[in-house]
Structure formats: structure tokens, C-alpha cells
Amino acid sequence: MPVIDHRSAAFAELGKAVLSGSQKIFQTSGPVVIFPSSGTGAWEAAIVNTLSPGDKVLMVETGHFATLWQKMAVRFGLDVEFMAGDWRHGADPAAIGERLSQDKSHAIKAVMVVHNETSTGVTSRIAEIRKAIDAAKHPALFLVDTISSLGSADYKHEAWGVDVTVSCSQKGFMLPPGLGFNAISEKARAAAKTGGMPRSYWDWEEMLKSNAGGFFPYTPATNLLYGLREAIAMMLEEGLDNVFARHKRLAAATRAAVEHWGLEVLCQNPAEYSPVLTAVVMPPGHDADQFRKVVLDNFNMSLGAGLTKLAGKVFRIGHLGECNELTLLGALSGVELGLSVAGVPHRAGGVAAAMKFLEDRTSANLASHLKVIKN
């Protein structure tokens with residue numbers, strides 16, 4: 001597609017389409033701001049619009065990316081209380097609720113949580129955290145990172161009472177990097193109007209003024225917006241419930257393979273299994289990065305690396321976006337071949353176990369469909 005005049009009527013149609021379409025993916029009736037940025041930029045926008053230097057915030061150590069967001073918050077002068085985690089569990093709603101109950105003076109201005117921790121394959125229970133915040137009767141803003149989950153795992157910005165949802169283009173939206181998103185509540189917007197930090201590029205109000213007509217206050221990433229429009233159309237055509245069910249199905253098939261191989265899934269709470277990716281723990285004495293190199297060199301397939309604390313200890317299998325049963329089975333075949341070539345102890349037949357799971361699920365769905373037709 002050509003880059004068109006971003007002050008033209010044709011562009012306004014594109015702008016309005018992606019802004020309204022993004023609301024459907026975030027499942028909100030409130031505004032969604034789209035920045036030309038990475039997810040890191042969207043993190044920064046969430047912070048500078050709502051918080052001020054010295055504000056106390058509560059964050060949770062769920063993995064590598066939660067830690068990076070915490071480091072950014074510290075750089076902006078926020079007083080960060082970082083709840084320790086083992087990188088194998090999501091944020092604990094009960095622990096967050098208890099900590100907020102102790103904060104009688106309401107010194108904590110925001111709770112900041114990563115929904116799907118890309119480094120670990122663990123999701124946090126956002127709706128339960130919202131309930132815990134409400135049960136504590138605490139007025140803190142609720143900021144959530146959905147960089148790797150939006151469009152792949154069920155997420156309801158409005159129904160779950162999130163104030164700022166951060167996301168980006170290169171995961172569930174199936175696009176190259178380059179778009180950052182903030183979905184914002186009225187509470188967050190009010191906080192931005194009366195506080196926040198000095199900002200220009202990241203200012204929500206400047207964006208929202210232009211967005212009302214389908215435009216942006218500065219040069220937009222037009223070609224990525226074309227792609228975003230199509231990505232939204234693809235997801236809505238499939239149906240969000242079907243998109244989420246597909247991801248859960250592929251994730252469960254992946255875990256079936258991992259368990260059959262005799263390897264360990266990093267995530268330890270089944271209620272927090274990620275539908276986006278699965279992190280697999282390597283057996284003692286075997287290096288995950290060396291295994292990944294064997295797979296890449298021999299089968300031209302790239303597996304995700306373990307990051308920081310997990311470097312060399314895990315590899316990650318992605319099953320998000322434009323992924324189906326055949327694509328997944330190809331990836332799992334590459335892993336099983338790699339395990340054999342690399343001499344990693346395992347039980348053969350993991351791909352067959354995943355295939356059996358998918359066969360059973362397909363047969364059950366077909367039987368249910370035929371029953372509906374018959375009735």
C-alpha cells in the first residue's frame with residue numbers, strides 16, 4: 001500500500017477504522033491511543049501521563065519484562081515497591097489485596113502488573129487482582145501490560161476495571177514492531193489532566209484531540225495502520241472467543257507434548273498457563289541455548305531464549321497470532337528432532353501426544369456441531 005497524505009479524508013477513514021477497531025480488541029468503549037512506538041514506549045506513556053516523581057507504586061516480579069518495567073519506573077523517580085516472585089507464578093491477587101489493605105493512608109498510587117509474562121509463559125489473573133483492589137477499598141490506579149497477550153488471551157479492559165492497558169503491534173496483532181497502545185479509563189484520563197509528568201510526544205490529550213477526526217498530531221506509521229486494520233478484521237472475522245479458544249487449544253497441545261517428553265513446563269499453576277507461549281525447563285546438565293543452536297543449525301527453526309534469570313535454563317515455544325494445528329505440529333516436530341540430535345534425555349512421541357490431543361478436541365467439536373445441526 002502507498003503512504004497516503006495523513007491529513008487527507010482517505011487517511012481519516014483509516015484512522016477512525018483502526019481506533020474503533022482497537023476498542024473491540026481491548027474490549028472497551030473508552031479511548032485507545034496508538035503511538036508510533038514499541039511496547040516500551042507505551043509503558044512510558046502510561047507512566048508519564050498518570051504518575052509523578054515520588055509517587056509510590058506497587059509492582060510484582062513475575063519475570064524479565066516485569067523487571068524491565070520496574071526499572072523504568074525507578075528511572076522516572078517513582079517509589080517502587082517490588083513484590084518478589086519466583087518467575088514460575090503470576091501476580092498473587094491475595095498478596096496484592098493484603099498489601100493494599102495495609103496502606104491505610106493510600107500512599108500507593110498505582111498497581112502495575114504484567115498480564116502475560118513473555119519470558120516465563122505465565123499469565124496473571126487480572127480480573128481477580130481487580131477484585132482484590134476493590135475488596136481493599138483502595139483508590140490506586142490499575143496499570144496492566146498486555147504486550148504479549150492482547151489478541152491472543154482473553155482480556156477485558158473495561159469489564160476488569162483496568163485504568164491503563166499497555167500493548168503493542170508485534171504479538172497478537174501479527175504485525176511488525178512499531179505501534180504502541182494505551183487503552184485508558186476515565187479515571188486514568190482524569191489523573192492525567194490533573195497530574196502526571198512533563199510530556200509532549202506521549203501526551204494523551206494531544207492525541208485524543210486529533211483522534212476525534214481520525215487523525216494524529218504528528219506523522220503516523222501509515223503502513224502499519226493498514227496492517228492493523230487488516231489484523232483487526234481477521235480477528236473479528238474469526239471471532240474473539242474463537243481466537244482465544246484456538247490459542248488455549250494449541251497451548252494445551254504443546255503442554256501435552258512437553259509432558260510426554262518428560263520435560264517440565266516452567267509455569268507451576270495450571271490456572272496461570274499461558275495460551276501465548278510455553279516455557280520448557282531443560283534437564284540438569286543440559287544448556288537451553290546450546291539446544292536452541294542445535295535446532296536452528298539443523299532445522300532452521302528459532303526457539304525463544306531464556307532471559308536473565310532463566311538464561312540457559314529454559315527455551316520457549318510460541319503459539320500465538322496466525323498459528324494453527326499444522327504450524328504447531330511442525331514446530332513441535334522440530335523440537336523433538338532437536339532433542340534427539342542434541343542428546344537431551346526425553347521420551348519419544350511428544351508430537352504424537354500433541355496430535356492425539358488435537359484429534360480428540362477436533363472430534364469432540366465436530367460431534368457437538370453435528371448434534372446442534374441435528375437438533
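Heavy atoms only: backbone and side chains are in, while hydrogens, waters and symmetry mates are out.
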Only one of T40, V48, I47 forms a side-chain contact (heavy atoms from CB on, under 4.5 Å) with E44, so which one is it?
-> V48

Locate the shortest heavy-atom distance separating V32 from A183; write the atom from each residue and the value.
-> CG2-CB, 4.1 Å

Quick one: do the N182 and W204 side chains pair a donor with an acceptor below 3.5 Å?
-> yes

Should the pair D289-R292 be classified as a salt bridge under the 4.0 Å nitrogen-to-oxygen rule?
-> yes

Hey, would you say the H138 and H106 ring centroids sit under 6.0 Å apart?
-> yes

If we only count heavy atoms from C-beta on, is the K193 to E205 side-chain gap below 4.5 Å?
-> yes

Any chance you could lay out the side chain to side chain contact (heavy atoms under 4.5 Å, CB included) test for F215 and H6, step after step, and finish with the verdict?
-> CA-CA 7 Å; F215 298 109; H6 60 271; over 6 Å; no

If you draw a 6.0 Å radius around NZ in K248, do more than 12 non-hydrogen atoms from other residues or ligands fall strictly inside?
-> no

Ignoring hydrogens and geometry, is there a side-chain-to-backbone donor-acceptor pair from E336 to G349 under 3.5 Å?
-> yes

Distance in Å, D92 CG paired with N269 CG, rounded so as to fall on 0.5 Å steps | 9.5 Å

Look only at the side chain of N223 and the backbone of V3, and say whether a donor-acceptor pair between them is shorter than 3.5 Å.
-> no

Calculate, to the nearest 0.5 Å, the distance between atoms OG and NE2 belonging to S22 and H157 respectively.
-> 12.5 Å

Any donor-acceptor N/O pair, S52 side chain to G196 backbone, under 3.5 Å = yes

Mind listing the side-chain donor-acceptor pairs of residues 229-244 below 3.5 Å, one per line with the distance, residues two or more places apart or on another chain?
{"from": "E238", "atom 1": "OE1", "to": "R246", "atom 2": "NH2", "distance (Å)": "3.1"}
{"from": "E238", "atom 1": "OE2", "to": "R246", "atom 2": "NE", "distance (Å)": "2.8"}
{"from": "N242", "atom 1": "ND2", "to": "E238", "atom 2": "O", "distance (Å)": "2.7"}

Whether over 12 other heavy atoms sit under 6.0 Å from K156 NZ | yes

Would W87 and T67 satisfy side chain to side chain contact (heavy atoms under 4.5 Å, CB included), going step by step from the backbone distance to the final call?
-> CA-CA 11 Å; W87 293 37; T67 303; 3.9 Å; yes

For atom CG of N300, decide whether the heavy atoms of other residues, nucleotides or ligands shown that lie under 6.0 angstrom number more than 12.
-> no

Hey, are E206 and R199 close enough for a salt bridge, meaning a charged N less than 4.0 Å from a carboxylate O?
-> no

Stepwise side chain to side chain contact (heavy atoms under 4.5 Å, CB included) test for M112 and V80 | CA-CA 10 Å; M112 302 166 69; V80 180; over 6 Å; no

Output yes when a side-chain donor or acceptor of E128 lies under 3.5 Å from a complementary backbone atom of P93, and no otherwise.
-> no

Non-hydrogen atoms of L328 and A253 that approach each other most closely = CD2-CB, 4.0 Å

What distance do I126 atom CD1 and T146 atom OG1 have between them, rounded to the nearest 0.5 Å?
-> 9.0 Å

Whether Q27 side chain and Y155 backbone form a donor-acceptor pair below 3.5 Å = yes

Do the non-hydrogen side-chain atoms of F216 and N211 ever get within less than 4.5 Å of each other?
-> yes

What pair of heavy atoms forms the shortest contact from A353 to H260, and how long is it?
-> CB-CB, 3.9 Å

Any chance the side chains of H64 and T308 put a donor and an acceptor closer than 3.5 Å?
-> yes

Distance (rounded to the nearest 0.5 Å) between H115 NE2 and W160 CH2 | 5.0 Å

Under 4.0 Å between a Lys/Arg side-chain N and an Asp/Glu carboxylate O for R88 and E264?
-> yes

What is the ring orientation for W43 with W69, classed by angle as parallel under 30°, tilted 30 to 60°, or perpendicular over 60°?
-> parallel

Just by modelled atom types, is the F142 backbone N or O under 3.5 Å from a matching donor or acceptor in the D163 side chain?
-> yes

Minimum heavy-atom distance between S152 and G172, given as atom pair plus value | OG-CA, 3.6 Å

Taking atom types as modelled, find out whether H319 and T278 have a side-chain donor-acceptor pair closer than 3.5 angstrom.
-> yes

At their closest point, which heavy atom of L337 faces which heavy atom of F299, and how far apart are they?
-> CB-CZ, 3.5 Å

E117 side chain to A66 main-chain N or O, any donor-acceptor pair under 3.5 Å?
-> yes

Under a 4.0 Å N-O cut-off, is there an ion pair linking D360 with K356?
-> yes

Closest non-hydrogen atom pair between P36 and Y201, with its separation | O-OH, 2.6 Å

Can W261 and V280 be said to form a side chain to side chain contact (heavy atoms under 4.5 Å, CB included), step by step?
-> CA-CA 11 Å; W261 289 326; V280 183; 5.8 Å; no

How many angstroms lie between OG in S148 and CD in Q170, if you round to the nearest 0.5 Å?
-> 9.5 Å

With T254 via side-chain hydrogen bond (donor to acceptor under 3.5 Å, both in side chains) - residues at least two apart | none

Parallel, tilted or perpendicular: rings of F315 and F291 (30°, 60°) = tilted

Donor-acceptor contact below 3.5 Å, side chain K104 vs main chain S101 = yes

If you round to the nearest 0.5 Å, how far is NZ of K16 from CG of L14?
-> 12.0 Å

So does K187 have more than 12 non-hydrogen atoms from other groups sitting under 6.0 Å from NZ?
-> yes

Can you check whether A46's main-chain N or O pairs, donor with acceptor, with T50's side chain at less than 3.5 Å?
-> yes

Do R316 side-chain atoms and T118 backbone N/O form a donor-acceptor pair below 3.5 Å?
-> yes

